[in-house]
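Below you'll find the structure, written out as structure tokens, and then a few comments.
Here the structure is a predicted model, which is why all the values come from computation and not from measurement. Numbers here are sequence positions counted from 1.
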Amino acid sequence: MGGSAEQVDEQTADCQARLAFEVLANRWDSVVIFTIAAYGPSRPALLRTRIGGISAKVLHQALRRLEHNGLVQRRPYREAPPRVDYALTEAGQALLEPMRMMGAWATQYADAVLDAQERSTAASTTDRTGRLNSAVDVPSPG
């Protein structure tokens, strides 16, 4: 990262740099943000259709989490039947560029990361003599 140790200590202590990663740590949150960005304010049923592979419950949880973090705004309409849609806030819009940069990083380095994970998993399950080696605890993908 090229920063001095003092700069790193300040960033670690105040946790603001970690906040950005924690906000999008859930696997569906970035997908919901990108979908709203691509299509504009959307109702939950339409979001589910556009995203695909997400249950109503998981989408609801993601939208609530994103709303809690100030990245989407829930907009109710006084109509019969009642309806709501979700739109990105300024903070949600501002996340799009860093998310695109992370996507570009993943495109460039995904194979290298997957290869490293495979080597690590193989090394943690057997040692040179072929015996089981559980010295390294490798989290399961998920």
Going only through I, L, V, M, F, W and Y residues with side-chain contacts under 4.5 Å, is there a path from L66 to L19? yes

Check this for me: E79, atom CD, are more than 12 non-hydrogen atoms of other residues, nucleotides or ligands nearer than 6.0 Å? yes

At what distance, to the nearest 0.5 angstrom, does CZ of R75 lie from OG of S42? 9.5 Å

Heavy atoms of other groups near E90 CD, more than 12 under 6.0 Å: no

Heavy-atom closest contact (D85 atom, P41 atom, distance): OD2-CB, 3.8 Å

For a quick test of reading the model, state the closest non-hydrogen atom pair linking V84 to P76 and the distance between them. CG1-CA, 3.6 Å

Tell me, yes or no, whether the heavy-atom count around Y77 atom OH, taken from other residues, nucleotides or ligands under 6.0 Å, exceeds 12. yes

The single option from I51, I33, T35 that satisfies side chain to side chain contact (heavy atoms under 4.5 Å, CB included) with W28 is I51

Among the clusters formed by ILVMFWY side chains lying less than 4.5 Å apart, do V31 and M101 turn up in the same one? no

Gap separating the CG atom of D29 from the CG atom of L24, nearest 0.5 angstrom: 6.5 Å

Looking at E67, Q61, H68, which one forms a side chain to side chain contact (heavy atoms under 4.5 Å, CB included) with R65? Q61

Would you give the length of the straight line joining atom OG1 of T89 to atom CD of Q73, rounded to the nearest 0.5 angstrom? 8.0 Å

About how many Å separate CZ of R48 and CZ of R43, when rounded to the nearest 0.5 Å? 14.0 Å

About how many Å separate OH of Y39 and CG of L47, when rounded to the nearest 0.5 Å? 10.5 Å

Distance col, row I36:CD1 vs L88:CG, nearest 0.5 angstrom, shows 5.0 Å

